[in-house]
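Quick note on labels: first sequence line is chain A, next is B, and so on, each numbered from 1.
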Number of protein chains: 2
Amino acid sequence: MVKVKIDERAEQRILAAAKKIFLSKGLDGARMQDIADEAGINKALLHYYFRSKDKLFETIFMEVAKHFLPRVSEIFESGKPLFDKIELFCETYIQQMKETPYLPLFILGEATRRPETFVKKVFGNRKPPVHLFVAQVQQEIKSGNIKPVHPLQLLIDILSMCVFPFMARPMLEHVAGINKKQFDAFIEERKKLVPEMIIASLKNN
Amino acid sequence: MVKVKIDERAEQRILAAAKKIFLSKGLDGARMQDIADEAGINKALLHYYFRSKDKLFETIFMEVAKHFLPRVSEIFESGKPLFDKIELFCETYIQQMKETPYLPLFILGEATRRPETFVKKVFGNRKPPVHLFVAQVQQEIKSGNIKPVHPLQLLIDILSMCVFPFMARPMLEHVAGINKKQFDAFIEERKKLVPEMIIASLKNN
DNA sequence: ACCTTTGTTAACCATTTGGTTAAATTTTAT
DNA sequence: ATAAAATTTAACCAAATGGTTAACAAAGGT
């Protein structure tokens, strides 16, 4: 008979709980007691494993921040044609946001409130290789394969359309009068529509 | 000689201070003392004019939320051709976000954390007439003037591209290695580029 | 002048909150 | 088994925070 580990290690439960609470309430809104309750342990144990609220938050932030730029480097560095990269970028991004819908508001909110603390730490020395994307776009323009566009503007266009709908979700659902299921369908549709739209705008004729 | 009102009414100063503090720190991050200090008055006076922190916050939120959908109704209800509306929408939106760059993260952050409290209150009975835009797009499709697109997806595309860059600003500046002046130029350029891009993607040939 | 209303403040108060401590329990090594 | 190390908890603590009170000052009306 396999021995089932009935309860995870406390440290893991704390991390999971902290992630849930911080993501939904933010640094200021989260209470250490909330996290302890969610993890089912005593509050003092939080300080035993992680020295302070700030330390715990930073641990979560860093772990979670990775997912905000999901596999972007991998995609940019792949040898794929531009249009394939755009399709893959949208697909990957929207899928990631579907799985962690609180992520963008959380990351951008905290990064805006404490830029010096977080923005630099997130990327450390390894920024995503935007220049590769930029160079490829410029190459395609020079070759006459696509219309002349500003590469960085293009990148932000794509990113905006993939991420923003998740941030505006509650308003969207209310204004458009749709429910969660319809929102999911709406988002799923975007995996195809966004790259189509972008690529159509790039084609020459 | 004109008598200069050396200090505004305290109530006004409180509102201005609360706006500044709440917008930058959010409901949870803002301290009543911060607001009192910013307004240059005693903390008790905050409670004299506005009963509680929540009441004060709601006042600010409601006042400020109006600017999140700047003149959208006006634009949708104007008799203008679709492409003109799109151009005007982008121009108006980006300009508003330039003037109140903290707005989107603030509104969407609070709306997400307390949807039942805020989302409905913001719009009250008067939602923006999205259906007018939708109908106009459908009409243009039927007339064969533009490619067939999903009207709501189109609207979100536009909104995303206008608003998101302001929310992602600190990350953007860091990743793209640009300063505030360059960001402003980047944004200014979008007033033309975004509608151009959208309209190009709608044209038939 | 005098009284009433409105505006403003210093000093408090109760609760919440992040954090600590010392004791108790469990695990691990010998 | 037993001592040492690691884990967990209940009880505290000090600071911060939203909010109240009572006294004081300014303005307005008579």
Output the rounded distance in Å from [atom1] ([X]) to [atom2] ([N]).
X: B:D54; N: D:dG18; atom1: CG; atom2: P; value: 10 Å
X: B:Q33; N: C:dA10; atom1: CD; atom2: C1'; value: 12 Å
X: A:R51; N: C:dG18; atom1: CZ; atom2: C1'; value: 13 Å
X: B:N42; N: D:dT21; atom1: CG; atom2: P; value: 15 Å
X: A:Q12; N: D:dT7; atom1: CD; atom2: P; value: 13 Å
X: A:L45; N: C:dT26; atom1: CG; atom2: C1'; value: 13 Å
X: B:L27; N: D:dG18; atom1: CG; atom2: P; value: 10 Å
X: B:E11; N: C:dT8; atom1: CD; atom2: P; value: 10 Å

Check whether the side chain of A:K43 and the base of C:dG19 form a donor-acceptor pair under 3.5 Å.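 Donor-acceptor pair under 3.5 Å: yes.
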Distance-only polar pair, side chains of B:Q96 and B:T92, donor-acceptor under 3.5 Å: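 B:T92 and B:Q96 do not have a side-chain donor-acceptor pair below 3.5 Å.
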Does a donor on one side chain and an acceptor on the other come within less than 3.5 Å for B:Q153 and B:D157?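 Note: B:Q153 and B:D157 side chains miss the donor-acceptor criterion.
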Remember a base hit wins even if backbone is also touched, and classify A:A30 as base, sugar-phosphate or nothing at under 4.0 Å, heavy atoms.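 Sugar-phosphate, backbone atoms only, no base.
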Base, sugar-phosphate or nothing for A:I41? Non-hydrogen atoms, less than 4.0 Å.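 Touches sugar-phosphate only.
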Reckon B:R31 has a side-chain N or O less than 4.0 Å from the OP1 or OP2 of D:dG18? yes
Could you tell me whether the phosphate oxygens of D:dG19, OP1 or OP2, come under 4.0 Å of any side-chain nitrogen or oxygen in B:Y48?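 So the side chain of B:Y48 is outside the cut-off, no N or O lying under 4.0 Å from OP1 or OP2 of D:dG19.
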Qualifying residue, where the test is ring pair (Phe, Tyr, Trp, His ring centres under 6.0 Å) with A:F106 and the options are A:F118, A:F68, A:F57: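 It is A:F57; the other options fail the test.
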Quick one: which of C:dG18, D:dT21, D:dT8 gets closest to the side chain of A:H47? C:dG18
So which nucleotide from D:dG19, C:dG19, C:dT8 ends up closest to the side chain of B:S52?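 So the nucleotide nearest the side chain must be D:dG19.
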Just one of B:I146, B:L202, B:L155 clears the side chain to side chain contact (heavy atoms under 4.5 Å, CB included) bar with B:V137, so which one? B:I146
Evaluation steps, side chain to side chain donor-acceptor pair (under 3.5 Å), between A:E99 and A:Q95: CA-CA 6 Å; A:E99 286 163 18; A:Q95 184 56 36; 2.9 Å; yes
